[in-house]
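One structure is given below, encoded as structure tokens.
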Amino acid sequence: MNRRKKFDAVVVGAGIAGLYMLHRLRECGLAVVVLERADGVGGTWYWNRYPGARCDVESLEYSYTFSEELQQEWSWSERYAGQPEILRYIEHVADRFDLEPHIEFNTEVESARFDEQESQWLVRTNGSVCYVSQFLIMATGCLSSANIPVIEGIESFKGNAYHTGKWPHEPVDFSGQSVGIVGTGSSAIQAIPHIADQCKSLTVFQRTPNYSIPARNGSLDLDYEARIKARYPQFRQRNRAMPAALGCFHAANNQSVLDATEPERRREFSKRWEIGGFGFLGAFNDLTLNLDANDIAAEYVRGRIRETVSDPRVAETLCPDSTIGCKRLCLDTEYFETYNLPHVDLVDLRTNPIERLTGSGIQCAKSQFEFDSIVFATGFDAMTGTLLRIDISGRQGTRLEQAWNEGPKTYLGLMTHGFPNIFFISGPGSPSVLTNMIISIEQHVEWIERCLSYMQSHSYTTVEAEEESQVAWVEHVNAIADKTLYPTCNSWYLGANIPGKPRVFMPHVGFPSYVEKCEHVVANGYEGFSFA
Ligand code: N01
């Protein structure tokens with residue numbers, strides 16, 4: 001019989017979301033425990049330690065906003081922070097707010113069952129304790145289940161195999177090695193220049209070419225930092241009002257590219273290419289809404305790739321033909337330049353697909369490759385992967401996997417019908433991955449905290465999303481996605497990267513109007529939720 005520990009709330013995950021949730025609930029005087037499978041805090045930034053791992057949101061924006069003291073005392077060294085610095089920051093936060101004593105590390109949640117009689121969750125882990133609590137809050141991250149591709153013979157490779165999302169904690173030295181890397185998403189685009197720097201030879205296996213914009217990373221300008229810090233709350237407020245909560249869209253141009261002349265287009269795109277970052281997509285107001293407009297931006301980027309990569313055949317293979325911005329836009333430092341190095345090769349899997357892994361490398365349809373190490377930069381079972389790996393059952397024993405077998409169904413991305421008192425931070429159906437994640441996380445954490453306080457003050461025991469409001473929300477999430485170009489490519493937003501995963505557009509395209517909706521729901525007595 002498992003030993004039982006009782007709490008008001010169990011939070012799963014000690015990343016950016018779980019730590020802030022813990023902090024807020026402790027401030028409210030609740031008994032909270034955080035269960036974390038790793039042996040340290042950090043979540044995404046604990047696991048993704050691959051060479052070159054770096055955030056694509058500027059460091060003065062990608063940080064907590066809830067404490068003015070914290071944001072004043074911390075100094076970032078670069079425009080975009082690297083993984084080691086972000087992890088140090090998260091560790092600092094855990095330390096500063098004395099969070100670690102409330103976290104149980106090396107504790108992986110395996111199942112959670114809602115006990116209807118007692119209105120409480122029973123949470124089981126790889127350990128011997130059963131955690132009992134009124135509330136269960138999933139702070140499990142959107143990109144936390146590594147996608148290991150289904151390739152015949154993958155287990156037979158005798159060299160070193162790595163996944164970017166589960167990178168070893170000891171330094172990996174590729175010196176003198178022949179290395180293969182599978183994938184050309186954001187992780188690969190960051191890792192490739194760094195691995196190429198070290199190894200004897202690097203072969204990149206590309207299935208779909210990707211758009212990438214220069215990050216233009218560099219040391220953080222101290223004057224700029226001082227100016228922001230002098231009015232940090234206003235800076236935050238301004239960014240929260242921007243699409244995706246990203247400050248770069250402050251300078252978005254409200255003109256259609258279709259109305260612009262050729263020199264105007266070039267000027268606007270070039271200006272943003274030189275600045276670097278996501279602001280490129282703000283060059284004109286219709287780039288993510290209209291295919292003809294989008295193709296003008298796409299052609300500009302293809303032109304840049306052709307200018308950069310000296311071998312025209314390689315350049316053509318690297319040129320994407322899909323919608324730009326439909327998958328997460330990549331930001332890079334010298335990614336395309338890396339293909340000019342004599343020891344870097346590109347394999348086009350569209351004409352030479354991988355057939356299997358062998359003991360010594362990769363067998364493609366037309367050629368065979370031998371490697372000391374293979375890096376899988378093959379992404380994640382995003383947004384639902386980690387939630388569905390936990391055996392979660394709600395009312396009448398219904399399993400979350402069953403309830404979501406046609407795709408995730410939530411109300412506001414916060415709760416799902418039939419599963420009382422379980423909240424998802426950045427769940428499917430909320431803007432999460434389409435925003436500066438920390439801003440979305442803070443908004444969810446604060447909403448959940450308010451909801452719990454409301455329940456306390458009204459002596460409610462359970463809260464649950466109503467089915468009708470959930471159906472309407474799922475329709476709304478799809479309807480607004482359909483007004484954009486997001487559904488036009490095979491992205492992980494749609495679950496298209498995982499064989500057999502239902503194709504449903506998972507995030508909500510609509511920050512900051514989403515926040516207004518959440519506020520409206522609260523103002524109307526938590527409209528769409530039922531309490532008992
Ligand atoms: O993963 P991805 P990621 N055979 O899914 C390929 C965030 N992030 O880890 O496109 C061959 O984007 C796959 O090919 P295809 C960011 O939100 C942020 O790079 O499916 N190839 C693709 O090329 C990002 O979007 C940062 O045809 C296979 C690649 O692997 C998200 O994380 C940094 C394959 C996977 O790309 C995920 O990025 C890193 C197979 N069987 C990540 N299976 C920053 O903040 C998959 N691929 C900068």
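Heavy atoms only: backbone and side chains are in, while hydrogens, waters and symmetry mates are out. First listed ligand is number 1; within each ligand, the first listed atom is number 1.
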So salt bridge (Lys or Arg N to Asp or Glu O under 4.0 Å) across residues 357-380, not counting sequence neighbours, yields none

Would R88 and E91 pass as an ion pair if we require N to O under 4.0 Å?
no

May I ask you to establish whether R49 and Y46 are in a cation-pi arrangement, using a distance under 6.0 Å from NZ or CZ to the six-membered ring centre and at most 45° from the ring axis?
yes

Quick one, list the residues around ligand 1 where some non-hydrogen atom comes in under 4.0 Å, by chain and residue number.
Y50, R54, C55, D56, L143, P149, V182, G183, T184, G185, S186, S187, Q190, R207, T208, K327, R328, L349, A377, T378, G379, F380, W492

Could you check whether any side-chain heavy atom of V474 comes within less than 4.5 Å of a side-chain heavy atom of V477, counting everything from C-beta outward?
no

For residues 154-162, which side-chain N or O atoms pair as donor and acceptor with protein atoms under 3.5 Å away, sequence neighbours left out?
{"unit_1": "S156", "atom_1": "OG", "unit_2": "G153", "atom_2": "O", "d": "2.5"}
{"unit_1": "S156", "atom_1": "OG", "unit_2": "L357", "atom_2": "O", "d": "3.4"}
{"unit_1": "N160", "atom_1": "ND2", "unit_2": "S373", "atom_2": "OG", "d": "3.3"}

Output all residues satisfying side-chain contact (heavy atoms from CB on, under 4.5 Å) with L400, sequence neighbours left out; order by chain, then residue number.
L387, L388, I392, W404, T416, F419

